[in-house]
Structure formats: structure tokens, C-alpha cells
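Just so it is clear, the model here is predicted, and its values are computed rather than measured. Residue numbering restarts at 1 for every chain, and letters A, B, ... go by the order of the sequence lines.
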Number of protein chains: 2
Amino acid sequence: MLGSRQITAAAPEPAPSEEIAVALARGILEHRLPPGARLSEDEVGELFGAGRTVVRAALARLAHQGLVTLRRNRGASVARPDPREAREVFEARALLEPRTAHFAARRAGPGWAAEMRARIAEEDRAMRAGDVGTAVYLSGQFHCAIAEAADQRTIAEMIVSLVARSSLVIALYWRRRDTLCECHAHHALVDAFAARDGARAEELMHGHLVDLLSGLDLREREAAPRSLRDLLGGGT
Amino acid sequence: MLGSRQITAAAPEPAPSEEIAVALARGILEHRLPPGARLSEDEVGELFGAGRTVVRAALARLAHQGLVTLRRNRGASVARPDPREAREVFEARALLEPRTAHFAARRAGPGWAAEMRARIAEEDRAMRAGDVGTAVYLSGQFHCAIAEAADQRTIAEMIVSLVARSSLVIALYWRRRDTLCECHAHHALVDAFAARDGARAEELMHGHLVDLLSGLDLREREAAPRSLRDLLGGGT
DNA sequence: CCTCCCGGCTTCGTATACGATTTTCGCCGC
DNA sequence: GCGGCGAAAATCGTATACGAAGCCGGGAGG
């Protein structure tokens, strides 16, 4: 009876400031908070009904993850990765995810493949509904699920962080938003998973990431920097 | 004239709480703060002459980096990676560092190779002086320098974090402390750098990391927890 | 008409104070 | 002698308050 709320499912405590961090992160990942949007501590605190201390902790966490930029005495804002960082994020993913996909494929069960297909279907649905933000978010979740399916928690953590940053990169540098052609790549990946073909999954993942990187227009960096104030007011 | 103290060298501000974080990190990396050592907020604050707020920020930063464990209402302590995490950290390094070494070798100049040789010499000196902590720290710095020499800041950041965690792993699971045989591997790596032989550097780095992982005794996990109490009491 | 300076306002950085939770140690009963 | 139990102490979590630094406007001078 002592300590009935032991570590049951990796989330025994509701997480005090983590909730705010994940809420903000989700907002960023769904492209509701565009890169460069200012995140006032008071504003966020009021929005979530929490004091500034916890908001600061959440912001620091996101800053360390690379999702927000924290400048001394100048406030926090959603990170705006420059083209170099954008390229580096995808190069890092190209270094990590193929091998991880390989591991995941070797450990994949039929139920897991079905679950992944359901994810893709949901992603497709969001895309058809015109909800690009949710589609991008679910697409990222797909990659994160692969990383977590492999036995590598440490690498999975890094991939989650990189995928989150990729969402920012996509918001800034993606060429054509209406044609999220990745769906085919994801389907092919799940096929490889279902067949437990590690080598093929690895190759597919690498090609997929290269495609994503080549789908960016990193020269457009100078063109995007305003219109943040409006979107901030409409948060939530 | 306006803003003469612009971003000059990536460190225009002395960093308020970051100083404490790096000081603590260095203490951990040099094995002066053993895994499991408790880090009281009041204690650290008194030690560095700072309030608890800034100490908390530093601790949160280190916790996110994986160097300290932060449990709710139970204080902070130096992280004690379990064997699984220990293995994963080195596997992640084996995934990242070889390719990074390849890039570094292609960008290496003769001056840089000389600098790296100086690092090895310093490491050797510390080892001969019996200062194992400093030797391990410098060994880690060697790997970090390679990562930073490559053009990949994002990957370099991840490697820095992994190397720091590796120091904890070494403190816990290293078999024979007196024979730090890695010096040969480091020398061979610098030779490859001087020759700008990327493929060889990549191969050497991979072998080096595999050697490091094989030099761990991950079965000892059960044998270690009895001595925590002593080190806890003797923390400083 | 443009430029420069200066005042106020907003926002962040840090310290302090109070409440909640955990730990620990002494005590009682078995 | 030993295990359970309760209160005190210590520690952490959060909120609030004060000080400082940056940003923006108006006004005067060239």
C-alpha cells in the first residue's frame, strides 16, 4: 500500500512545468506559434494560469532543446534556425535515424506495424482536412515513434529533439506546403517494418531524409521575419 | 558606436547561472563529484555565493543534459546511469563520432593537428601525475574538440553531451583505471588528422569507441549500489 | 525634414518568503 | 530486539517583490 502511485507508466507525477513546456512545444510543432514569435513570461503565465517561475523553467527547457531562443533581458521567442542550422539538423537526422529505423524494423511486431499504419492514416486525414500544422506534427510523431520503437532511449531522445527542430525548419524553409509527398515514403517504411527488413528500412529512411532536405529552400532565409505579433495574440 | 559590445566571440555576457553549471559539470567530469552525490540547492548556492534561483537554473540545465538526476521534492544528485544507458551512450557515440571525425579530418589544418597533439601531451602528463580525474576530463575534451572542428555544430553539441555522460559511465563501470590505454588511439587519430585521411579517421574513431565500450564491465551494476551511502556522506 | 537625446514603460533577473512534501529519528507496542 | 508510527526538521516548489536593463516614444536642435 505504501506508494501506490509508484512509477507506473513513466508519468506518475503530472509534471508541474513540463505540462507548459509540452503545450508550448506542441504549439510550435503544429506551426501555430511561428518562428520568431515572442513568448512573454507574463503572457504565457497568464495563459496557463501559472506563476512566472514555472513558466521560466518551461522556457529554459525549450531553449535547451533548441525550440526557443532566450536572450538576456530581451525575452524569449520561438527559435528561428538559420539555414546552416536547418541543414545541420537534417544531416544529424540522416546520421541517426537510418540505423535507428534498422533496429526498429528488427524489433517490429505485426501489431506495431498496424499502429504505424494508423498513424499514417491519421496524418493523411489531417492533410486532407487542410490542417497542415497537425499533419506536420503527426509526421514528426511518426519518426519519433520509430525512434522509440528501437531499443535506444538515448538516441530516441536526440531524435525527438531533432524532429521538433525540423518542424521549425519546415515552417521556415519548406517549398510547397500543399504537397506533403512524404506519405509515400512513410508507407514504404512501414512496409519494410512489416517485413522486418532492417536494411531496406535503413535505406528508405536515409532516402526519405535526403528528400526532405532537398525539399527545403535554404536561400529564403531573409524573407520571413515579421507578422508575429498578430499570431501571438491568437494563441490557444 | 552603438552597441560596442556586440556579439564578439560567442561569449559577450559572462553568463549568470551558466558559470555554476559548467563548474558543476567540470566537477562531475573530473570525477570529483561521484555518481549519486547529492547536490543540495542551498549547499551549492552557498558554495558559489548565489541565490537558490540561479542554482536551480543551473541544476535544471545539467539535468536536461543528463548529468544530474532531478527528483521531485527529493533533491538533485549526480546522475548514476544504469548499464543500459551506459551502453546506449557509447552506441550513440559510435553512431555520431566516426562520421564527425571524417569531416574533421577533411577540414584539419596542420596547426590544428599540432594543437591536438598538445592536448594529448597534457592528458598524458595528467595521467602520469596520477590525476585520473583530470586525465579523463582532458580525454573527453579531445573528443569534443574533434566534434567542434567539424562543421557540424548541432552534432557537436550532441557529442559534447554524450562525452560528458560518458565520464559518468567511466566513473561507474570502467574496469582498470590505472591503464588508460586510449592514448594510443588518440595518437593514431591525430596522425590520421594530420594526413587528412578522413576514411582512416572514421575507422579509427569507430574502433576506439568500440574499444571503450568493451572496456566497461556493465555486469557490475548490481555490485555498485552498496557503496553509495558512503560516498553520499562524504560528498563535497 | 532629419537626427539625436532623454524620459517613461515594459520585461527580465534575482532574492526572499511561505506552503507542501519528504525524510528521519525517537518512541511505543509487540 | 524489532517493526510500525508520529512529530519535527530539512528540503524543495511556487509566488511575490524589488532592482536593473532594454525598447519606444516625444521633443529639441541642426
Using a strict cut-off of less than 4.0 Å between a Lys/Arg side-chain nitrogen and an Asp/Glu carboxylate oxygen, indicate whether B:R61 and B:E18 qualify as a salt bridge.
yes
Considering the terminal five base pairs at each end of the helix from C:dC1-D:dG30 to C:dC30-D:dG1, what angle separates the two local helix axes, rounded to 10°?
10°
Just how far, in rounded Å, is P of C:dG13 from CD1 of B:I20?
15 Å
Expressed as a whole number of angstroms, how long is the span from A:E46:CD to C:dC12:P?
13 Å
Looking at every heavy atom in both [X] and [Y], which two are closest together, and how far apart are they?
| X | Y | answer |
| --- | --- | --- |
| A:L162 | A:V89 | O-CG1, 3.6 Å |
| A:V55 | A:E41 | CG1-O, 3.8 Å |
| B:W112 | B:A149 | CZ2-CB, 3.2 Å |

Please collect all ring-ring contact (aromatic ring centres under 6.0 Å, His included) contacts where either partner lies in residues 55-82 of chain A, sequence neighbours excluded, each pair once.
A:H64-B:H64
Using nucleotides 5-9 of chain C, report all nitrogen or oxygen pairs with the protein that are shorter than 3.5 Å.
none

Heavy-atom check, side chain of B:L96 versus side chain of A:M158, under 4.5 Å:
yes
When you look at CZ of A:R99, are more than 12 heavy atoms from neighbouring residues, nucleotides or ligands closer to it than 6.0 Å?
no
Distances under 3.5 Å only, N/O to N/O: pair up the protein atoms with those of nucleotides 11-14 of chain D.
from	atom 1	to	atom 2	distance (Å)
D:dC12	OP1	B:E41	N	3.4
D:dG13	OP2	B:R56	NH1	2.6
D:dG13	OP2	B:R56	NH2	2.7
D:dG13	O6	B:R52	NH2	3.1

Listing request: all salt bridge (charged side-chain N to carboxylate O under 4.0 Å, His left out) pairs with a residue in residues 139-160 of chain B, at least two apart in sequence or in separate chains.
A:R84-B:D151
Between the side chain of B:S139 and the main-chain N/O of B:A135, is any donor-acceptor distance below 3.5 Å?
no
For A:F142, which residues count as a ring-ring contact (aromatic ring centres under 6.0 Å, His included) partner, sequence neighbours excluded?
A:H186
